[in-house]
> 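I'd like to ask you about the structure that follows.
Letters A, B, ... are given to chains in the order of the sequence lines, protein chains preceding strands, and every chain is numbered from 1.
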Protein chains: 2
Amino acid sequence: MAINLTIPKMVFAIEGIEIGVTEAGIKKENRKDLTVFKLDEGTTVSGVFTKNLFCAAPVQIAKKHLLLGKPIRSLVINTGNANAGTGQNGLKNAQTICSSLGNLLKIEDCQVLPFSTGVVLEPLPVDKILNNLYKAVLKSDKNNWMEAAYGIMTTDTIPKIFSEQFTIDQKVFTITGISKGAGMIHPNMATMLGFIGTDIGIKQSLLDKIIKDLADKSFNRITIDGDTSTNDSFIIMATGKSKIKLESEHDSNYHIILDALAKAASDLAQKIVRDAEGATKFITLQVEKAASKEEALAIAYSVAKSPLVKTAFYASDPNIGRILVAIGYSNTNIPINKVKIWLNDLLIVENGELSKFYTEESGKKVMKQSEIVIKISLNNGYFAEKVYTCDLSHDYVTINSDYRS
Amino acid sequence: MAINLTIPKMVFAIEGIEIGVTEAGIKKENRKDLTVFKLDEGTTVSGVFTKNLFCAAPVQIAKKHLLLGKPIRSLVINTGNANAGTGQNGLKNAQTICSSLGNLLKIEDCQVLPFSTGVVLEPLPVDKILNNLYKAVLKSDKNNWMEAAYGIMTTDTIPKIFSEQFTIDQKVFTITGISKGAGMIHPNMATMLGFIGTDIGIKQSLLDKIIKDLADKSFNRITIDGDTSTNDSFIIMATGKSKIKLESEHDSNYHIILDALAKAASDLAQKIVRDAEGATKFITLQVEKAASKEEALAIAYSVAKSPLVKTAFYASDPNIGRILVAIGYSNTNIPINKVKIWLNDLLIVENGELSKFYTEESGKKVMKQSEIVIKISLNNGYFAEKVYTCDLSHDYVTINSDYRS
């Protein structure tokens, strides 16, 4: 049961992007497991990927193709198999898919980006993909974002989609995006994927810079169980079909557009946490007044990853000691007697000690909620960071100790 | 049910160390919760403590007293209350206990080291301790190590004790030690405590150096859930009553003695993992041929702390993908195509890929065992490290999401 995860009533198409979803029987029959994006000429594309050393074949190919610099005109995503830990054959297979799709679309193979998610250490059933690519191409339509949200799901329980229109100077622009994945769900590390499309035109070099900042406010700020998979990928496609163009950080529209994109990315990343199976609480770690970004992140992640903190949240137990301990081993040098902590609006720690006004009753009340913000003020500087996570439940163990079939 | 945790048939006294254990009713009545060590003149004492920024009052006092440099002649350990997160009052209370015991033993308060373990963020019932110290002193006897092992338990299910005699040049020396604690057991972060006594004479400066090396082979190499408490402490007491003296690293007996002490420390540290409640598997991470100690440790801890790896072990599932992924996000730059991994004697990964000879059947067989060594050879240098951990089970969540009473 996802935590307060909404599906937008209206999903807007993005001019210049068409999507087709089909069944290729990659792992299971009668399942939409193959998705193709077609991008009009003039679209700029940027991506950020997992830093895991064992990064999967599709990730290696996607990075290579982005570096080669030719305009990216297509994305292909399969579920059912991550094509990870598959060595040279895996790379060959990912390349073959790009060539085959390139032929169908009359573009070069280096203009295609491949993505895979699913079982690792098993060879990709590449023939099934090759035989069905044309179907996805034939079915492509600009109104298929919801289909795509379903098409990229593996063990997600609910499609994750964002879609909104914004106005600048009476000109409208649109952002629509989808995401999938939550590390907890499947024994084989459900990959995190995010795809955002917009009809704004964004210069390539600027987009390359923007996407890193966006990732650092969204997909790089979620943690479910601390594990990052071999296939994590986040892509932005800017088609330029609207009347709005972004050339540099000095454009008057820069901040409005960045905020809109950040809203999309953050929403899609948070939805991954909200759908983490077994999760009953959506937890925000908000660290403020840190001496540096690194200090803020170290504290936020220390608390967000602590099994003792996460099981306390599962129990709705305002166990303040565990939060303090997690801050204490964060590998920072913060002055602990300046620390202030709130659970939502409730002040629980002041000057590094239990707040004089704190009562167990008030703590219990806050902890019963499904959305909780742990705000930690370090009073040590001017930097702030946010990290999103969920609680640790019996279901997490159940799901992840189920023997792989 | 602890995993292969033995209690020695014979527990040897250490000449120069007497121990008394009594009931002070600190948290519960009729429970041995107050332990006093008396050390003869000539004993050298060294300690290493938690690096947690919120380190408890007793830890702050113990560190201060060790730094002051007067000979340490007594230790006092209470369970039931950690005296952590207790601010200035907590420090005052810990100091008062040292003064009171100092008076009883006719030593200065800075010659006493205090230790506490139990509930945090609650004031220490210091009167109960002060009123019962004399009982512990009266009952002190050199044959009370087993009593002490019980006396320091909080939610441990079994006393942890090591005792062995060694011979050098037909001269006998003795090492006896006790430990307690396993992060998983109690919602309030059961502290890790270790106390080792020996009748060897060890020069103070040498002991100060030795204890750090020993901690780095033992207590600093275990992880149950990654959380380190506010009270973790490890103490060595060398009475000098045997005929064997250690003056410097160049003594011919240095390595024999160091190995013996390492055996004791390692045994006591591993026992903490073996008694981690809910644990069903004792797991050793053995990383070899790393480019540096830091690289070896980063890899070992990454795997040892991964919830996905630990739940797989709980399921007896040879999920190799999860081990590779954990290595992959270890924040190192190892050449992954050189990685070799064994589960006990079974080679599972070679050249960064699944071993050609690996079968699921053989993997399942190994994973059914309760003692498993994950050996990871990086082929990247000459450094090696070992880390000990256990699996992640339903019981972990149950125990740690029980509302505090």
Side-chain angles (χ1 to χ4, degrees), chain A residues 50-55 82 84-87 119-121 183-184 187-189 225-230 305-309 311-317 319-322 324-334 336 351-354 391-394 396-404, chain B residues 50-55 82 84-87 119-121 183-184 187-189 225-230 305-309 311-317 319-322 324-334 336 351-354 391-394 396-404:
Chain A
T50 182
K51 289 193 170 54
N52 196 302
L53 295 176
F54 284 98
C55 74
T86 44
V119 177
V120 302
L121 287 172
M184 293 175 31
N188 287 310
M189 297 144 308
D225 53 16
D227 283 273
T228 58
S229 95
T230 47
K305 291 168 81 164
S306 159
L308 284 173
V309 169
T311 44
F313 272 77
Y314 175 53
S316 298
D317 171 8
N319 193 318
I320 298 163
R322 293 185 186 185
L324 287 178
V325 163
I327 294 173
Y329 65 73
S330 60
N331 223 21
T332 60
N333 273 321
I334 58 161
I336 56 175
N351 303 326
E353 286 178 51
L354 207 60
D391 53 334
L392 174 58
S393 66
H394 286 111
Y396 177 89
V397 178
T398 302
I399 291 154
N400 286 296
S401 53
D402 249 356
Y403 198 93
R404 292 161 294 135
Chain B
T50 182
K51 289 190 171 56
N52 195 302
L53 296 174
F54 283 99
C55 72
T86 44
V119 176
V120 302
L121 289 171
M184 291 178 32
N188 288 310
M189 298 144 309
D225 52 17
D227 283 274
T228 56
S229 96
T230 46
K305 291 169 82 165
S306 160
L308 284 173
V309 169
T311 44
F313 272 75
Y314 174 53
S316 297
D317 170 9
N319 195 318
I320 298 162
R322 292 185 186 185
L324 286 178
V325 162
I327 294 173
Y329 65 73
S330 60
N331 226 22
T332 59
N333 275 322
I334 58 161
I336 56 175
N351 303 325
E353 284 180 51
L354 207 61
D391 53 334
L392 173 58
S393 66
H394 286 110
Y396 177 89
V397 178
T398 301
I399 292 153
N400 287 296
S401 54
D402 248 354
Y403 198 93
R404 293 163 292 134

> Please report the shortest heavy-atom distance between B:Leu324 and A:Asn52, naming the atom on each side.
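Closest approach of B:Leu324 to A:Asn52: O-OD1, 4.5 Å.
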> Give the member of B:Asn331, B:Thr86, B:Leu121, B:Leu354 that has the highest number of heavy-atom pairs under 4.5 Å with chain A.
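That would be B:Leu121.
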> Highest number of heavy-atom pairs under 4.5 Å with chain B: which of A:Asn333, A:Ile334, A:Thr398?
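It is A:Thr398.
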> Please report the interatomic distance CZ(A:Arg322) to OG(B:Ser229), rounded to the nearest 0.5 Å.
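With rounding to 0.5 Å, CZ (A:Arg322) is 12.5 Å from OG (B:Ser229).
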> A:Leu53 and B:Ile327: which non-hydrogen atoms are nearest, and at how many Å?
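Of all heavy-atom pairs spanning A:Leu53 and B:Ile327, the closest is CD1-O, 4.5 Å.
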> If the condition is side-chain hydrogen bond (donor to acceptor under 3.5 Å, both in side chains), which residues does A:Thr332 pass it with, not counting sequence neighbours?
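Listed in chain order: A:Ser330.
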> Would you name the heavy atoms of B:Thr230 and A:Val325 that are closest together and state the gap between them?
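Minimum heavy-atom separation between B:Thr230 and A:Val325: CG2-CG2, 3.6 Å.
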> Please list, chain by chain and in numerical order, all residues satisfying ring-ring contact (aromatic ring centres under 6.0 Å, His included) with B:Tyr329, sequence neighbours excluded.
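In terms of ring-ring contact (aromatic ring centres under 6.0 Å, His included), with neighbours along the sequence ignored, B:Tyr329 is linked to no residue.
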